[in-house]
Asker: 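My questions all concern the structure below.
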There are 2 protein chains.
Amino acid sequence: MADINFKTDTSKPPRGGREPQGDNRAAPNDTVPFDLIELLFFAYRDFTADPDDVLSEFGFGRAHHRVLHFVNRNPDLVVTDLLGILKITKQSLGRVLKQLVDEGYIRQIPGASDRRQRHLRATDKGQELAMRLARLQAERLDRAIMALPDDGAEIVRQFLFQMINPDGRGDVAALIDAGRDTQAPPDGGTKPKDSRP
Amino acid sequence: MADINFKTDTSKPPRGGREPQGDNRAAPNDTVPFDLIELLFFAYRDFTADPDDVLSEFGFGRAHHRVLHFVNRNPDLVVTDLLGILKITKQSLGRVLKQLVDEGYIRQIPGASDRRQRHLRATDKGQELAMRLARLQAERLDRAIMALPDDGAEIVRQFLFQMINPDGRGDVAALIDAGRDTQAPPDGGTKPKDSRP
DNA sequence: AATTTATGTCAGCCATATTGACTTATTTCG
DNA sequence: CGAAATAAGTCAATATGGCTGACATAAATT
């Protein structure tokens, strides 16, 4: 017995005919979209599982992934900003970041304009790992998107964006936008740009 | 300073024009949908934050939420099945389940046909908490879905389903399907019985 | 009767997060 | 200028939620 099967095993995708939706005066039990709640749980669980496997080979965990990902996508990110993105404490970040720096995945570059700051940048080695993990997740996402109608990707994007707390959306949009034109320069000679207002 | 803003703060939603997609021979960097990866991270982070707040009032954590949720949705769920759903170990489940039972949120009912089994069922109190948490998540989901085109909900459902590991989809579909006709009976008939071996 | 299964428990370990207190530079501001 | 605020880092203690391994018990299966 290798595969666990909970309940019966009729292999059919979840049907999606019903959706009363229009009565919302107290969110009565009937209107709670349990299927979406559960699908999101399972989807995210599998989405993070692939990278986790790879990371464990390196002695890293999911926390390292998050740090490396955002640093790779946003070179010269400053520690305070990273804390804001991840919404964790300085102490939590410290441990993970120190490992990534010590093992040569991330460099810390003193700020030029504000010398208190440390600009974070993925090394070549860091970029490689970050991209390897990103490609794993991309494969899954691409396959899922491929199965949708033409406008599927855009609808999914909108959905996910709307799931974010309203007051956080601006920051997320800006972050994604900033990462967009990050072509991951070959870790060459760039000096830390000042991130001061 | 209460709000942390990473990078700039131009409050516009992520644009979604680009999508080369057609060149996949090695998933070159350009084709990695970083925006989706990040949106999924932020969406899930906020999705779980609301329940977490409520749970902490009860001295519970996210693990308790998951257990309570699936037990509530699938009355008489058996321990082995729950382990399969959550993909955690017996020992990990044991801790949280014991707390939920001790504090009267879940009942364990010896199996009728197979008396080794313990059927798990949410008590009235458990159902209340489960529904309170589910409604919180439902609000967020409903608001997000509302902002989409008519077929948005269905596309999102398909997307999330396709994000699940192929070999797990059957089980998930069956589980969701089973939960569908769970009308959360008023905890009437079965008596607690002795949970002794 | 022997084996397997379902459940549970003890003991210890690891990863990730938290709070609180405090230090060191450095910048900003009155 | 000098005080206050900020960026980063550190030490220590604690909580949560995973994990492995070893075992125990009752009940079902073979």
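The chains referred to below are lettered A, B, ... by the order of the sequence lines, with proteins before strands, and numbering in each begins at 1.
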Asker: Does the side chain to side chain contact (heavy atoms under 4.5 Å, CB included) test come out yes or no for A/Leu39 and B/Arg157, once each step is laid out?
Answerer: CA-CA 7 Å; A/Leu39 285 170; B/Arg157 227 185 308 265; 3.5 Å; yes
Asker: For B/Lys125, does the NZ atom sit with more than 12 other heavy atoms under 6.0 Å from it, leaving out its own atoms?
Answerer: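 Atom NZ in B/Lys125 is packed in, count exceeds 12.
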Asker: Please determine whether a side-chain nitrogen or oxygen atom of A/Arg95 lies at a distance below 4.0 Å from atom OP1 or OP2 of C/dT18.
Answerer: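 For A/Arg95, the contact criterion (side-chain N or O under 4.0 Å from OP1 or OP2 of C/dT18) is not met.
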Asker: Hey, which sits more toward the 5' end of DNA chain D by its nearest nucleotide, A/Leu97 or B/Gln99?
Answerer: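 Per heavy-atom nearest nucleotide, the more 5' residue is A/Leu97.
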Asker: Among the candidates D/dC19, C/dA17, D/dA8, find the nucleotide nearest to the side-chain atoms of A/Thr80.
Answerer: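 Nucleotide nearest to A/Thr80's side chain: D/dA8.
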Asker: Tell me whether A/Arg66 forms a cation-pi arrangement with B/Phe41, defined as NZ or CZ under 6.0 Å from the six-membered ring centre and within 45 degrees of its axis.
Answerer: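 Geometry flag: not set, cation outside 6.0 Å or 45°.
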Asker: With a 4.0 Å cutoff (strictly under), does any side-chain N or O of B/Ser92 reach OP1 or OP2 of D/dC19?
Answerer: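 So the side-chain polar atoms of B/Ser92 do come within 4.0 Å of the phosphate oxygens OP1 or OP2 of D/dC19, strictly under.
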Asker: Let's test your reading of the model: under 3.5 Å, does the base of C/dT26 pair with the side chain of A/Arg115 as donor and acceptor?
Answerer: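 Result: no qualifying N/O pair found.
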Asker: Map A/Arg116 and A/Lys98 onto DNA chain D by nearest heavy atom, then report which one ends up closer to the 5' terminus.
Answerer: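 Counting from the 5' end, the first nearest nucleotide belongs to A/Arg116.
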Asker: Measure the distance from CG on B/Asp102 to P on C/dT9 and round it to the nearest whole Å.
Answerer: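 Value for this atom pair: 9 Å.
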Asker: Suppose we call a contact any N or O donor and acceptor under 3.5 Å apart; does that hold for the side chain of B/Gln91 and the base of C/dG12?
Answerer: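 No, no donor-acceptor pair under 3.5 Å.
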Asker: Return no unless some side-chain N or O of A/Thr89 is found under 4.0 Å from OP1 or OP2 of C/dA17.
Answerer: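 Result: no.
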Asker: Determine the interplanar angle of the A/Phe58 and A/Phe60 rings, folded into 0 to 90°, and report it as parallel if under 30°, tilted if 30 to 60°, perpendicular if over 60°.
Answerer: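 Parallel: the ring planes of A/Phe58 and A/Phe60 meet at under 30°.
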Asker: Is any side-chain nitrogen or oxygen of B/Gln108 closer than 4.0 Å to OP1 or OP2 of C/dG8?
Answerer: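 Looking at the OP1 and OP2 atoms of C/dG8, one of them is under 4.0 Å from a side-chain N or O of B/Gln108.
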Asker: Examine D/dT16: is either OP1 or OP2 under 4.0 Å from a nitrogen or oxygen in the side chain of B/His64? Give yes or no.
Answerer: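 Answer no for this pair, as no side-chain N or O of B/His64 is under 4.0 Å from OP1 or OP2.
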Asker: Roughly, in whole Å, what's the span from CG in A/Asp52 to P in C/dT16?
Answerer: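 Whole-Å distance recorded here is 9 Å.
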